[in-house]
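Here the structure comes first, spelled out in structure tokens, and everything after it is commentary.
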2 protein chains.
Amino acid sequence: MAQPIYQQIAEDLRSKIESGTYEPGTQLPTESDLGEQYQASRNTIRDAIKRLISLGLIETRPGQGTFVTLRVDPFVTVLTGDPKSDNDGEGASYLSKVSAKQREPSETIPKVEVLMAPEEITRRLGVPPGAQVVARHQQRFIDDVPWSLQTSFYPMELISQGATGLLMAQDIPGGTATYLAEKVGLKQIGYRDWITARSPDNMEQQFFRLPHDAVVFAVFRTAYDQDKTPIRVTVTIFPADRNQFIVNVGTDLPDPQYGDG
Amino acid sequence: MAQPIYQQIAEDLRSKIESGTYEPGTQLPTESDLGEQYQASRNTIRDAIKRLISLGLIETRPGQGTFVTLRVDPFVTVLTGDPKSDNDGEGASYLSKVSAKQREPSETIPKVEVLMAPEEITRRLGVPPGAQVVARHQQRFIDDVPWSLQTSFYPMELISQGATGLLMAQDIPGGTATYLAEKVGLKQIGYRDWITARSPDNMEQQFFRLPHDAVVFAVFRTAYDQDKTPIRVTVTIFPADRNQFIVNVGTDLPDPQYGDG
DNA sequence: GCAAATTTGTTCGTATGTATT
DNA sequence: CAATACATACGAACAAATTTG
């Protein structure tokens with residue numbers, strides 16, 4: 001047996017999908033039917049199907065059937081923006097202009113929380129382990145499709161210095177960078193993004209309606225003030241199946257073209 | 001049955017792994033033993049194990065057993081470098097200085113090929129569909145661990161204009177950006193990275209020794225000259241389990257700290 | 001609104017193959 | 001070569017979700 005049966009079947013189905021025999025959005029034969037076609041047990045067919053799911057080619061819907069996935073055109077986010085502006089998403093142009101179709105972004109009102117900072121946040125925010133921080137959570141949608149989950153962390157110190165607006169569960173007009181400049185004289189000189197990818201946790205899986213073997217980007221954005229002190233750490237989770245990123249280096253680059261991705 | 005048994009078992013094993021009951025590198029009980037412990041069939045145990053594999057927590061070795069994965073500390077690549085320099089990897093400082101330990105990068109001699117450009121390359125390189133391009137392939141290692149697979153595509157036009165060195169299967173001293181400036185007067189003014197994530201194909205799976213449900217970053221770097229014309233498109237594949245990226249925006253940021261990731 | 005039919009999801013038992021020690 | 005451990009494969013039964021009559 002050169003290759004296991006389930007891999008041979010997966011390979012055959014893959015070629016049929018990519019050649020257009022099964023078109024995007026259409027239904028595949030039922031597991032029982034495929035079992036007849038390939039003279040294999042239902043369990044073996046299911047192993048083949050699992051492989052194709054993990055490749056992102058098909059999806060199963062209990063009670064309905066197995067379908068060829070529709071490729072949504074991805075949302076593209078430009079990470080290199082204005083060093084001094086927010087770019088933490090709260091009222092900022094996090095969304096790129098790449099998409100040809102007009103898209104309708106929306107977001108929830110921030111949910112505010114005071115908590116002990118997780119370890120990976122204390123490191124980035126430069127606060128001692130166990131320090132209290134303000135966390136502002138937001139969910140974002142594009143055309144009503146869940147797009148990103150975002151949490152910004154601020155040192156409690158900023159509150160006592162006068163930036164009490166950070167505790168308000170509402171948007172901050174003009175963005176938090178402007179607000180912090182006014183209230184506590186902090187000038188943001190830039191930020192650093194740290195891009196990682198991993199499996200979604202349960203909450204993320206539910207919110208984005210992802211299969212459990214999907215992948216999300218986790219982008220950690222740390223913003224710095226004039227003293228090179230971290231002002232804010234923003235963690236944004238993006239499902240990898242519907243998100244891409246652009247990094248521009250140098251000036252005067254041509255605009256990115258729709259369809260380049 | 002609130003949750004399926006295999007998910008309950010996966011959850012229990014996960015907590016034992018994360019609490020240190022099973023330490024990284026150590027072996028888990030055999031599937032049969034776990035079946036006894038949890039009063040479940042071996043197939044159900046295997047379903048739980050598959051979940052933990054897709055989370056990247058454990059790995060199985062036929063004939064040996066199931067082991068808790070060792071977390072390698074990730075390689076961190078800074079994407080925002082010098083707009084005018086190569087940064088395509090050929091002799092450039094693609095490797096960051098974040099790692100505390102001294103690491104030993106190495107790479108293969110470029111393999112050169114002339115071929116019809118894949119569709120996604122023609123779009124980015126701004127050449128007509130079906131155009132011939134020069135492709136330069138390289139494999140990169142860090143401490144002998146496969147780190148990235150890279151292919152740079154150049155328009156054939158550059159060869160006829162005198163940049164014949166692109167056809168040589170050897171490193172280009174000083175980098176290709178400098179070389180192209182000398183030979184054909186092309187000045188690189190910057191580049192754009194397009195970051196995506198997907199499942200590995202068969203070749204990538206083999207080279208990086210990845211499970212078939214792993215994830216890789218695919219970074220498309222397009223370099224532009226003074227006329228905003230694409231000079232080169234470099235596609236680099238990074239396994240997500242051992243790679244992260246940094247994007248710096250603004251000047252005078254503090255150095256990234258080892259351990260921030 | 002309900003019941004039946006259809007389809008995928010979970011679980012078990014069993015047998016055999018393949019890789020490693 | 002034998003023992004051990006994971007990988008593949010089949011058959012069967014029931015559960016859960018969805019659609020249809």
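Within every chain, numbering begins at 1; the chains are lettered A, B, ... in the order of the sequence lines, protein sequences first and strands thereafter.
The six-membered or imidazole ring of B:F217 lies near that of B:F245, with a centre-to-centre distance under 6.0 Å. In summary, the aromatic rings of B:F207 and B:F141 are positioned with their centroids under 6.0 Å apart.
In terms of phosphate contacts, A:R46 brings a side-chain nitrogen or oxygen within less than 4.0 Å of OP1 or OP2 of C:dG9. Of the side-chain N and O atoms in A:T66, one or more sit less than 4.0 angstrom from OP1 or OP2 of C:dT8. Look at A:T44 and you'll find a side-chain N or O under 4.0 angstrom from OP1 or OP2 of D:dC10. The phosphate of C:dG9 (OP1 or OP2) has a side-chain N or O of A:T60 nearer than 4.0 angstrom.
Remark: C1' of C:dT10 and CD of B:Q8 are 12 Å apart, rounded to the nearest angstrom. Between the NZ atom of B:K50 and the C1' atom of C:dG9 there is a distance of 13 Å, rounded to whole Å. Atoms CZ (B:F67) and C1' (D:dT4) sit 12 Å apart, rounded to a whole Å. The distance between atom CD1 of A:I45 and atom C1' of D:dC10, rounded to the nearest whole Å, is 12 Å.
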Exercise for the section: Go through the steps to decide whether B:D12 and B:Y38 satisfy the test side chain to side chain donor-acceptor pair (under 3.5 Å), and finish with yes or no. Expected result: CA-CA 10 Å; B:D12 189 67; B:Y38 288 102; 2.5 Å; yes
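In terms of heavy atoms, B:Q138 sits closest to B:E107 at NE2-OE2, 3.4 Å. Taking each heavy atom of B:T236 and B:S148 in turn, the nearest pair found is CG2-CB, 3.8 Å. Residues A:A240 and B:A197 come closest through the heavy atom pair CB-CB, 4.0 Å.
For B:N43, the listed nucleotide lying nearest its side chain is D:dA9; candidates were C:dT8, C:dT11, D:dA9. The side chain of A:Y6 sits closest to D:dT8 out of C:dT11, D:dA7, D:dT8.
For A:R71, the CZ atom is loosely surrounded, since the number of other residues' heavy atoms within 6.0 Å does not exceed 12.
DNA chain C lies under 4.0 Å from at least one heavy atom of each of the following residues of residues 22-39 of chain A: A:T30, A:E31.
Five base pairs at each end of the helix from C:dC2-D:dG21 to C:dT21-D:dA2 define two local axes, and these are offset by 10° (rounded to 10°).
To the nearest 0.5 Å, the span separating CZ on B:R242 from CZ on B:F75 amounts to 7.5 Å. Separation of atoms OG1 (B:T66) and CD1 (B:I49) is listed at 4.0 Å; rounding is to 0.5 Å.
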Distances under 3.5 Å only, N/O to N/O: pair up the protein atoms with those of nucleotides 19-21 of chain D.
none

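Side-chain contact check for B:S19 and B:T21: at least one donor-acceptor pair (N or O, by modelled atom type) lies under 3.5 Å.
Taking only distance into account, the side chain of A:R61 never meets the base of C:dG9 through a donor-acceptor pair shorter than 3.5 Å.
Looking at which nucleotide of DNA chain D each of A:Q7 and A:P62 is closest to, the 5′-most match is held by A:Q7.
A 4.5 Å side-chain heavy-atom check between A:F238 and A:V219 finds at least one atom pair inside the cut-off.
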